[in-house]
Structures are given as C-alpha cells and as structure tokens.
A.B. asks: 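Can you keep this structure in mind? I'll have questions shortly.
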2 protein chains.
Amino acid sequence: MTATRATRQRDVISRVLDHAEGPLTVGDVLEQAKNDLPSLGIATVYRTLKLLTEQGRIHPVVLDGETLYEASGKGHHHHFSCNRCGRVFTLHTCPVSLPKGTALAGGFIVQSHEVTLYGLCPECAAKNGAE
Amino acid sequence: MTATRATRQRDVISRVLDHAEGPLTVGDVLEQAKNDLPSLGIATVYRTLKLLTEQGRIHPVVLDGETLYEASGKGHHHHFSCNRCGRVFTLHTCPVSLPKGTALAGGFIVQSHEVTLYGLCPECAAKNGAE
DNA sequence: CTCATTGCAAATCTTTTGCATTCCC
DNA sequence: GGGAATGCAAAAGATTTGCAATGAG
C-alpha cells in the first residue's frame with residue numbers, strides 16, 4: 001500500500017485551513033502558507049488539497065464559481081455571502097429541517113443539503129445608504 | 001448605446017435553455033444548439049451565455065464545481081443532485097422560510113438563498129441495494 | 001451601407017502531470 | 001537507502017479575446 005508521509009508542506013497547509021475564519025481559495029491557501037514556507041509551489045497546494053479532501057479532513061465549497069476549501073469537523077453549518085463586499089461567512093444556524101433520510105414528494109431521498117444565503121453582512125448593512 | 005441584434009445563434013441558444021428540463025453545461029448547450037446550427041462556435045456560446053446572463057434571461061448555477069445555466073423566470077426553485085447517477089433535478093418546493101429582508105442573528109440581512117439537496121433520485125432509490 | 005456578431009485561432013487562466021531532486025521514515 | 005513528496009516547467013482544460021469575414025437593420 002501507499003504510505004502517506006507527514007511533511008512540512010502538508011502540515012502548514014492543514015494548519016492554514018484549520019485556522020481560517022471561513023473557506024479559502026487555492027490562492028488564499030498558497031499565499032498564507034508561503035508565510036511559513038516561501039518556496040511552496042502551487043502544484044503542491046493542489047496536490048495537498050486533493051489529498052486532504054480524499055482523507056475527509058477538508059472539503060470543497062463552490063461559491064460563485066470559485067472553489068473554496070474549509071476544514072471538516074466544524075459541525076453542520078452553511079455560508080453567507082455578502083453581496084456588497086464579497087466576503088464569505090460561516091453560519092452556525094441552519095434554516096432548513098431536512099434530517100438525513102427525509103423523503104420528498106416524488107421519491108427523492110435527502111442525504112445532505114447545502115444552503116448559501118446571499119445578502120448584506122453586518123458591516124455592509126450598517127454602511128448601507130450611507131455612501 | 002450598443003444596439004443588441006437578434007441573431008439565429010442567440011435565438012437557438014435561448015431556445016435550448018428554455019426547453020431544457022434542468023440546468024445545462026456549456027457543452028450541453030453547444031451540442032444541442034449544433035443540431036440547428038452545425039457551424040456554431042464555442043466562443044459564441046460563451047458570449048451568448050454571458051449576454052443572456054447580463055440581460056437576466058438566464059442565470060448560472062454552480063454544482064459540483066461545474067457551471068450550469070438555466071432560464072430565469074421559472075419561479076423560485078432549488079436543485080436536487082443525485083449522488084448516484086449525478087443528474088440534477090429541479091425542485092419546486094422550498095425547504096427554507098427566509099423571506100427577502102429577514103435579519104439573522106448577528107445582523108446579516110438575507111436577500112436571497114440557494115439550496116441544493118443531495119441524495120438519491122426516485123430511480124436510484126428504487127434500484128438501491130438491488131445491484 | 002454600418003457596425004454588431006460570428007467563427008476561428010491565439011491568448012489566458014486554472015488545474016494537472018512528468019520528472020529529477022529532496023527528504024521522511 | 002528507498003520511495004513518497006516537492007518544485008519546476010510543460011501539458012491539458014476551460015474560458016476569453018483579436019480580427020477578418022459575415023449578416024442584421
């Protein structure tokens with residue numbers, strides 16, 4: 001079997017994702033990881049993100065056509081994308097009640113769901129109409 | 001101002017999207033439109049999709065990293081992505097109650113939302129465990 | 001006729017891959 | 001030391017753009 005080795009690169013990339021406030025783009029990850037590892041290459045970032053995803057340690061979130069990554073195990077949550085500043089926030093509330101296994105009319109069986117809310121974040125809402 | 005002309009290409013592409021059962025990929029659009037317009041180029045498809053999107057006649061939906069397009073004006077709806085066969089269905093029910101303008105704890109103001117359910121479509125659910 | 005639009009090909013951008021070197025175990 | 005992982009650069013996709021030819025109004 002293929003032995004998976006612990007490397008500084010993987011360590012740094014995992015840490016970057018674990019400490020992030022919300023999901024990060026590949027570019028974000030590269031940039032932040034370079035603070036610790038200036039020689040880090042983009043190919044390694046892609047390879048590591050793929051590896052971590054396969055291991056289930058992180059998972060991809062697609063927002064507005066961009067693929068972002070975030071650490072798993074942060075519990076059930078969703079995202080809020082600000083229409084004004086573009087930042088993505090993590091919401092710890094869930095607006096839907098569809099337990100795994102729920103059956104919808106038509107025979108669809110729900111296993112999981114993703115919700116993204118769009119609107120104004122607190123900061124932008126405060127500024128609203130004041131510019 | 002820039003006059004927008006009606007062309008056979010735009011007509012065909014719009015029609016393809018209007019008649020689709022669910023959202024289509026750029027490739028789907030090209031393929032189907034080529035039935036009517038064999039000489040159609042991919043660049044025109046991209047340009048037309050962008051134009052129609054700006055006009056609000058269609059809108060992009062990102063699912064599993066792929067950008068799909070669907071006609072607008074089909075009412076509020078969401079998508080169901082089958083984990084087994086990969087097909088995307090349009091759901092005419094909405095599992096959340098977040099009217100535009102709802103304010104969330106923390107001061108987030110919701111303007112719109114997107115929900116994608118993942119699970120088994122009726123066909124795959126029927127086949128389940130029978131293979 | 002004019003000029004927006006098209007189709008093609010070249011140019012970009014993003015992501016993946018080949019390979020010699022590095023370094024984990 | 002052996003082989004997995006890295007970094008670079010080349011390759012492969014996906015999307016965009018330049019430009020001469022075409023076609024709508």
Side-chain angles (χ1 to χ4, degrees), chain A residues 1-18 20 23-70 81 86 88, chain B residues 1-18 20 23-70 81 86 88:
Chain A
M1 62 172 260
T2 337
T4 295
R5 294 179 181 171
T7 64
R8 185 137 169 61
Q9 289 72 349
R10 291 181 181 172
D11 204 48
V12 170
I13 291 173
S14 296
R15 205 188 323 285
V16 164
L17 285 158
D18 279 339
L24 303 178
T25 64
V26 174
D28 290 336
V29 174
L30 176 64
E31 192 185 322
Q32 291 188 38
K34 275 204 167 187
N35 291 334
D36 285 318
L37 265 167
S39 69
L40 182 64
I42 186 72
T44 298
V45 174
Y46 277 106
R47 281 188 282 231
T48 302
L49 290 175
K50 176 183 261 186
L51 178 74
L52 293 175
T53 299
E54 283 164 1
Q55 294 178 339
R57 303 195 32 201
I58 64 174
H59 61 97
V61 184
V62 179
L63 275 169
D64 298 315
E66 278 212 298
T67 301
L68 313 182
Y69 290 84
E70 67 184 358
S81 174
V88 176
Chain B
M1 64 171 255
T2 338
T4 295
R5 293 179 182 172
T7 65
R8 185 137 169 59
Q9 287 75 346
R10 291 179 183 174
D11 204 47
V12 170
I13 292 173
S14 294
R15 205 188 322 286
V16 164
L17 285 158
D18 280 339
L24 303 177
T25 64
V26 175
D28 291 336
V29 174
L30 176 64
E31 193 185 322
Q32 291 188 38
K34 275 204 167 187
N35 292 334
D36 286 318
L37 265 168
S39 71
L40 182 64
I42 186 71
T44 298
V45 174
Y46 276 107
R47 282 188 280 231
T48 302
L49 290 175
K50 176 184 259 184
L51 178 73
L52 293 175
T53 299
E54 282 163 1
Q55 294 178 340
R57 302 195 32 201
I58 63 174
H59 60 96
V61 183
V62 178
L63 274 169
D64 298 315
E66 279 212 296
T67 302
L68 314 181
Y69 290 85
E70 66 184 359
S81 175
V88 176

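Here is how names work: the chains are called A, B, and so on, in the same order as the sequence lines, proteins then strands, and each is numbered from 1.
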A.B. asks: Given 3.5 Å as the limit, does a donor-acceptor pair link the side chain of Arg57(A) with the main chain of Leu51(A), or not?
C.D. replies: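 Side chain of Arg57(A) to backbone of Leu51(A): no pair is present.
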A.B. asks: Given atom CG of Asp11(B) and atom P of dA24(D), what is their separation to the nearest angstrom?
C.D. replies: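 Nearest whole value for this atom pair: 11 Å.
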A.B. asks: Rounded off to whole Å, could you give me the CD-to-C1' distance for the Gln55(B) and dT5(C) pair?
C.D. replies: 14 Å
A.B. asks: Atom CD of Glu54(B) to atom P of dA4(C): distance rounded to whole Å?
C.D. replies: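 The distance from CD of Glu54(B) to P of dA4(C) comes to 16 Å, rounded to the nearest Å.
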A.B. asks: Work out which heavy atom in Val61(B) is nearest to a heavy atom in Glu70(B); give both atom names and the distance.
C.D. replies: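 The answer is CG2-OE2, 3.6 Å.
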A.B. asks: Between dT6(C), dC24(C), dG7(D), which nucleotide gets closest to the side-chain atoms of Arg10(B)?
C.D. replies: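 So the side chain of Arg10(B) is nearest to dT6(C).
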A.B. asks: Can you find a side chain N or O atom of Gln9(B) that sits less than 4.0 Å from OP1 or OP2 on dG23(D)?
C.D. replies: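 Checking dG23(D) against Gln9(B), no side-chain N or O comes under 4.0 Å of OP1 or OP2.
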A.B. asks: Tell me which of Ala6(B) and Leu40(A) sits closer to the 5' end of DNA chain D, going by the nucleotide each one is nearest to.
C.D. replies: Leu40(A)
A.B. asks: Figure out the CG/P separation between Leu37(B) and dG7(C), and round it to whole Å.
C.D. replies: 7 Å
A.B. asks: Can you tell me the distance, in whole Å, between the OH atom of Tyr69(B) and the P atom of dA14(D)?
C.D. replies: 14 Å
A.B. asks: So which of Val26(B), Leu24(B), Val29(B) actually passes side-chain contact (heavy atoms from CB on, under 4.5 Å) with Tyr69(B)?
C.D. replies: Val26(B)
A.B. asks: Stepwise, does the side-chain contact (heavy atoms from CB on, under 4.5 Å) test hold for Val16(B) with Asn35(B)?
C.D. replies: CA-CA 10 Å; Val16(B) 164; Asn35(B) 292 334; over 6 Å; no
A.B. asks: Check the distance between dT15(D)'s P and Leu68(B)'s CG and give it to me in whole angstrom.
C.D. replies: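 Rounded to whole Å, this separation is 11 Å.
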A.B. asks: Output one line per pair: protein atom, nucleotide atom from nucleotides 14-18 of chain C, and distance, for all N/O pairs under 3.5 Å.
C.D. replies:
{"residue": "dT15(C)", "atom": "OP2", "partner": "Tyr46(A)", "partner atom": "OH", "Å": "2.1"}
{"residue": "dT15(C)", "atom": "O5'", "partner": "Tyr46(A)", "partner atom": "OH", "Å": "3.0"}
{"residue": "dG18(C)", "atom": "O6", "partner": "Arg47(A)", "partner atom": "NH1", "Å": "3.4"}

A.B. asks: For Asp11(A) and Arg8(A), indicate whether the former's side chain and the latter's backbone hold a donor-acceptor pair under 3.5 Å.
C.D. replies: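 It does not hold such a pair.
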A.B. asks: Send over the distance from Arg8(B) CZ to dG7(C) P, rounded to a whole Å.
C.D. replies: 11 Å
A.B. asks: Between dT22(C) atom P and Arg5(A) atom CZ, what is the distance in whole Å?
C.D. replies: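 One finds 16 Å between P of dT22(C) and CZ of Arg5(A), rounded.
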A.B. asks: According to a strict under-4.0 Å criterion, is Thr7(A) in side-chain N/O contact with OP1 or OP2 of dT6(D)?
C.D. replies: yes
A.B. asks: Side chains of Arg10(B) and Thr4(B): does their closest heavy-atom pair fall under 4.5 Å?
C.D. replies: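 Side chain of Arg10(B) against side chain of Thr4(B), heavy atoms only: contact under 4.5 Å found.
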A.B. asks: Locate the shortest heavy-atom distance separating Ala33(B) from Ile13(B); write the atom from each residue and the value.
C.D. replies: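 Heavy-atom minimum between the residues: CB-CG1, 4.3 Å.
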